[in-house]
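Notes follow once the structure below has been shown.
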Amino acid sequence: MNREEIKQILPHREPMLLVDEMTIDENHVAHAQYHVTGEEFFLKGHFPNEPIVPGVIQCEIMAQSCALLMKDDLAGKLTLYTAINNVRFKNLLHPGDTAEIEAKLTYRKLNIYVCEAKLSVGGKLCAMGELSFALIPDTRENK
Amino acid sequence: MQVNENLVKSIIANKIGVSENEITNATKLVADLGADSLDVVEISMALEREYNVTLSEDETAKVVTVGDIIAAINSHLN
């Protein structure tokens, strides 16, 4: 699934669409990629002359990969964070890096979805954690 | 086997951020403790993992009191 196909599923748009490619394997594990170009808005002040992708943005990259796991339930819905648990940041994410995300759904009940996700670069773990989401009706008028 | 009610109350207290002393079997999760839908699902998830059972969405949706969730878990243990 490429960026245009991802846009058919996720409501996120530039500059906050943070998944370039995604596949789901036979075990229903999502494998996604996001290339850090260096032009992202969040790098301009984080930090001047030393751009590093903020941890919260790494969580968002993982979250969007998780949301794609729910693609069959996403029509007419928005995914909102409900919790971020046990997140650890192990290594830095820099411009030029391609983040590789692995995400799996570990629990679902009512409109709550719980996923485990990891973000790595070249096999080196940068971030990991458990992310929870609620699916709510998308009531936007201009989608 | 029956659930350990003190453990259930401890899990609920920890998830919602209240004292265990405030919790009885008659305590209502939402009305008395201020729980939201995520709290109820997270409590359900924690108890399912603790007792290795699975509550249906219908069972979880019907939970109002602490006693309800204890009974729901017990129904899968017996």
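Per chain, numbering begins at 1; letters A, B, ... match sequence-line order. Computed over heavy atoms, backbone and side chain alike; hydrogens, waters and symmetry mates excluded. Here the structure is a predicted model, which is why all the values come from computation and not from measurement.
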Step through the atoms of chain A and chain B and list each donor-acceptor pair whose separation is under 3.5 Å.
| residue | atom | partner | partner atom | Å |
| --- | --- | --- | --- | --- |
| A:Tyr107 | OH | B:Glu48 | OE1 | 3.4 |
| A:Tyr107 | OH | B:Glu48 | OE2 | 2.8 |
| A:Lys109 | NZ | B:Glu48 | OE2 | 2.3 |
| A:Lys109 | NZ | B:Leu55 | O | 2.5 |
| A:Leu110 | N | B:Glu57 | OE2 | 3.0 |

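Under the 3.5 Å distance criterion, the side-chain polar atoms of A:Arg3 are matched with a main-chain donor or acceptor of A:Val19. Side-chain atoms of A:Gln8 never come within 3.5 Å of backbone atoms of A:Glu5 as a donor-acceptor pair (strictly under, hydrogens ignored). For A:Asn27 (side chain) and A:Val29 (main-chain N/O), no donor-acceptor pair under 3.5 Å exists by modelled atom type.
Only the side chain of A:Ile112 comes within less than 4.5 Å of a heavy atom in chain B; its backbone stays farther off.
Annotation: A:Lys7, atom NZ; neighbour count of heavy atoms from other residues, nucleotides and ligands within 6.0 Å is above 12.
For residues 14-33 of chain A, the set of pairs meeting the ring pair (Phe, Tyr, Trp, His ring centres under 6.0 Å) definition, not counting sequence neighbours, is empty.
A side-chain hydrogen bond (donor to acceptor under 3.5 Å, both in side chains) with A:Tyr34 is found for exactly one of A:Glu40, A:Gln58, A:Gln64, A:Glu21, namely A:Glu40.
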